S.K.: 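Got a structure for you, questions after.
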Amino acid sequence: MPKMMRLDRYLTECGAGTRSEVKNLIKKGRVSVDGQPVKDNSIKLDAENAVVVLDGIQLCYEEFRYFMLNKPQGVVSATRDGLSSTVIELLEGENPKGLFPVGRLDKDTEGFLLITNDGQLGHELLSPKKHVDKKYIARVDRDLSEEEMKVFAEGVDIGDEKLTMPAEICRVDELVYEVILREGRYHQVKRMFEAFGSTVVYLKRVSMGALGLDESLAPGEYRRLTADELEALRR
């Protein structure tokens with residue numbers, strides 16, 4: 001079934017401007033639909049199949065957009081913040097309308113962050129019932145004992161009403177651990193280590209579900225997900 005949409009909304013969704021700005025563009029005759037100049041902003045078109053051109057450049061409508069960001073330290077995982085830069089601001093040149101980070105990484109944590117406008121997928125990835133793996137690399141100031149690691153994997157008391165869900169943990173180097181969580185409580189990785197008197201001095205998320213961070217992305221860089229990556233994430 002065609003996805004019918006008003007022309008002014010179509011242009012806005014494509015990032016051509018605000019609703020008032022695109023209405024002005026249409027009135028000036030700078031927009032054509034299927035090869036015909038259009039000055040009526042209220043006409044409806046098939047958003048997925050119509051050929052819409054603005055100033056000689058064909059626009060492309062996407063209902064949902066998916067980006068992988070290598071979040072740097074010092075940036076907050078939010079759509080807006082009065083004090084600090086946000087992860088949405090790192091997507092330079094992209095239309096920010098509707099985009100949000102799926103879950104949060106602490107301001108001083110870096111690594112994999114999915115940004116999308118697909119609310120349903122975001123909800124499913126964050127739902128505790130789905131048990132989506134989130135893998136982290138943590139550097140700490142004190143190694144855990146084997147007994148402490150066993151407790152870590154069974155559930156840790158971090159001061160909440162109930163223990164954390166069992167997590168996977170393994171030592172990959174001196175003072176460096178790989179941790180896999182299936183929930184996302186506030187500062188959870190840090191609080192789990194702190195329960196054993198160990199402080200996390202560096203934390204990076206390296207994967208979410210079946211999708212790992214593209215290591216070619218420097219901190220602060222992003223790219224769109226491929227069709228195969230999106231399919232893997234949905235599975």
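Predicted model only: the values in this text are computed from it and were never measured. Residue numbers start at 1 and run along the sequence shown.
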S.K.: Taking the basic N atoms (NZ, or NE/NH1/NH2) and the acidic carboxylate oxygens, is any pair closer than 4.0 Å for Arg171 and Glu146?
M.R.: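 Salt bridge flag = yes for Glu146 with Arg171.
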S.K.: So how far is it from Leu7 CG to Lys23 NZ, rounded to the nearest 0.5 Å?
M.R.: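 So the CG of Leu7 and the NZ of Lys23 are separated by 11.0 Å.
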S.K.: Okay, side chain of Glu110, backbone of Pro219: is any donor-acceptor separation there less than 3.5 Å?
M.R.: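 Side chain of Glu110 to backbone of Pro219: no pair is present.
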S.K.: Closest approach of Ala195 and Val156, non-hydrogen atoms and distance?
M.R.: CB-CG1, 3.6 Å
S.K.: State which residue, out of Thr86, Asp106, Leu105, fulfils the side chain to side chain contact (heavy atoms under 4.5 Å, CB included) condition with Val76.
M.R.: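 Of Thr86, Asp106, Leu105, side chain to side chain contact (heavy atoms under 4.5 Å, CB included) with Val76 is met by Thr86 alone.
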S.K.: Say whether Asp214 and Ser216, considering side chains only, have a donor N or O and an acceptor N or O under 3.5 Å apart.
M.R.: yes
S.K.: Go through the steps for Lys150 and Glu147 under the test salt bridge (Lys or Arg N to Asp or Glu O under 4.0 Å), then give the verdict.
M.R.: CA-CA 5 Å; Lys150 289 180 181 178; Glu147 287 302 315; 3.6 Å; yes
S.K.: I want to check something: taking the side chain as every heavy atom from C-beta on, are Pro101 and Thr79 in contact at a cut-off of under 4.5 Å?
M.R.: yes
S.K.: Side-chain contact, heavy-atom cut-off 4.5 Å: Val38 with Ser32?
M.R.: no
S.K.: Provide the closest heavy-atom pair for Ala210 versus Ala232 in the form atom of the first, atom of the second, distance.
M.R.: CB-O, 3.8 Å
S.K.: Looking only at atom types and distance, does a side-chain atom of Arg224 sit under 3.5 Å from a main-chain N or O of Arg65, one as donor and one as acceptor?
M.R.: no
S.K.: To the nearest 0.5 Å, what is the distance between CG on Asp8 and CD on Glu13?
M.R.: 10.5 Å
S.K.: When rounded to the nearest 0.5 angstrom, what is the spacing between CG in Leu45 and NZ in Lys3?
M.R.: 11.5 Å
S.K.: Working note: Val176 + Ile137, criterion side-chain contact (heavy atoms from CB on, under 4.5 Å); need CA distance, chi angles, decisive distance, verdict.
M.R.: CA-CA 7 Å; Val176 180; Ile137 297 297; 3.9 Å; yes
S.K.: Quick check: does any side chain N or O of Asn70 sit under 3.5 Å from a backbone N or O of Gly220, one acting as donor and the other as acceptor?
M.R.: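 Such a contact is absent between Asn70 side chain and Gly220 backbone.
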S.K.: Is there a side-chain contact between Asp118 and Arg234 (heavy atoms, below 4.5 Å)?
M.R.: yes
S.K.: Would you give the length of the straight line joining atom CG of Asp40 to atom NZ of Lys27, rounded to the nearest 0.5 angstrom?
M.R.: 10.5 Å
S.K.: State the CZ-CG distance between Arg205 and Leu213, to the nearest 0.5 angstrom.
M.R.: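 Nearest 0.5 Å value for the CZ-CG distance: 10.0 Å.
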S.K.: Should the pair Phe196 and Phe152 be assigned to parallel (<30°), tilted (30 to 60°) or perpendicular (>60°) ring geometry?
M.R.: parallel
S.K.: Does some side-chain heavy atom of Arg142 sit less than 4.5 Å from a side-chain heavy atom of Glu148?
M.R.: yes
S.K.: A quick test of your reading: do over 12 heavy atoms of other residues, nucleotides or ligands sit less than 6.0 Å from NE2 of His123?
M.R.: no
S.K.: Please give me the minimum heavy-atom distance between Ala138 and Val189, naming the atom from each residue.
M.R.: CB-CG1, 4.4 Å
S.K.: Output, in order, the C-alpha distance, side-chain angles, deciding distance and verdict of side-chain contact (heavy atoms from CB on, under 4.5 Å) for Asn41 and Val22.
M.R.: CA-CA 8 Å; Asn41 63 275; Val22 300; over 6 Å; no
S.K.: Closest heavy-atom contact between Met68 and Glu229?
M.R.: CE-OE2, 4.2 Å
S.K.: In plain terms, say whether Glu168 and Arg182 are close enough for a salt bridge, that is, a side-chain N and a carboxylate O under 4.0 Å apart.
M.R.: yes
S.K.: We want to know whether Glu94 and Tyr222 form a side-chain donor-acceptor pair, criterion being a heavy-atom distance below 3.5 angstrom.
M.R.: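 Side-chain D/A pair, Glu94 to Tyr222: present.
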S.K.: State plainly whether one hydrophobic cluster holds both Leu90 and Phe112, where clusters connect Ile, Leu, Val, Met, Phe, Trp and Tyr through side-chain heavy atoms under 4.5 angstrom apart.
M.R.: no
S.K.: Start with the C-alpha distance between Ile158 and Met192, add both sets of side-chain angles, then the distance that settles side-chain contact (heavy atoms from CB on, under 4.5 Å), and finish with yes or no.
M.R.: CA-CA 6 Å; Ile158 58 174; Met192 292 177 79; 3.9 Å; yes
S.K.: Where is the tightest heavy-atom contact between Leu163 and Gly155, given as atom of each residue plus distance?
M.R.: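 Shortest heavy-atom separation between Leu163 and Gly155 comes out as CD1-O, 4.0 Å.
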S.K.: Between CD of Glu124 and NZ of Lys130, what distance do you get to the nearest 0.5 Å?
M.R.: 5.0 Å
S.K.: Say whether, by atom type as modelled, one donor and one acceptor occur between the side chain of Ser85 and the main chain of Val75 under 3.5 angstrom.
M.R.: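 No, Ser85 side chain to Val75 backbone: no donor-acceptor pair under 3.5 Å.
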S.K.: Would you kindly confirm whether Val179 and Val140 end up in one hydrophobic cluster when ILVMFWY residues are joined by side chain heavy atoms under 4.5 Å apart?
M.R.: yes
S.K.: Decide if atom CZ of Arg104 counts as having more than 12 heavy atoms of other residues, nucleotides or ligands within a radius under 6.0 Å.
M.R.: no
S.K.: Hey, are Glu215 and Lys204 close enough for a salt bridge, meaning a charged N less than 4.0 Å from a carboxylate O?
M.R.: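 Judged by the 4.0 Å cut-off on N to carboxylate O distance, Glu215 and Lys204 do form a salt bridge.
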S.K.: If you group Ile, Leu, Val, Met, Phe, Trp and Tyr by side-chain heavy-atom gaps below 4.5 Å, do Tyr136 and Leu175 land in one group?
M.R.: yes
S.K.: Contact between Thr109 and Gln73 at the side-chain level, heavy atoms closer than 4.5 Å - yes or no?
M.R.: no
S.K.: If the threshold is 4.0 Å, N to carboxylate O, is there a salt bridge linking Glu194 and Lys190?
M.R.: no
S.K.: I'd like to know if Leu233 and Phe100 are part of one continuous hydrophobic network [Ile/Leu/Val/Met/Phe/Trp/Tyr, side-chain heavy atoms within less than 4.5 Å].
M.R.: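 Phe100 and Leu233: one cluster.
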S.K.: Tell me whether Lys97 at atom NZ has more than 12 heavy atoms from other residues, nucleotides or ligands lying less than 6.0 Å away.
M.R.: yes
S.K.: Between Ser207 and Gly212, what is the shortest heavy-atom contact and its length?
M.R.: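 Distance-wise, the nearest heavy atoms are CB-CA, 3.8 Å.
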S.K.: Are Lys107 and Asp81 within salt-bridge range, i.e. N to O under 4.0 Å?
M.R.: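 Looking at Lys107 and Asp81, the cut-off is not met.
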S.K.: Evaluate the side-chain proximity of Leu203 to Asp108: yes if any heavy-atom separation is below 4.5 Å, no if none is.
M.R.: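 No, side chains not in contact.
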S.K.: With the 4.5 Å side-chain cut-off for hydrophobic clustering, are Leu54 and Met5 part of the same group?
M.R.: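 In one cluster: yes.
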S.K.: Could you go step by step and tell me if Leu121 and Tyr66 meet the side-chain contact (heavy atoms from CB on, under 4.5 Å) rule?
M.R.: CA-CA 10 Å; Leu121 178 63; Tyr66 308 89; 3.6 Å; yes
S.K.: Using modelled atom types only, decide if a donor and an acceptor are shared between the side chain of Lys162 and the backbone of Asp160 within a distance under 3.5 Å.
M.R.: no
S.K.: What about the rings of Phe193 and Tyr177, do their centers lie closer together than 6.0 Å?
M.R.: yes
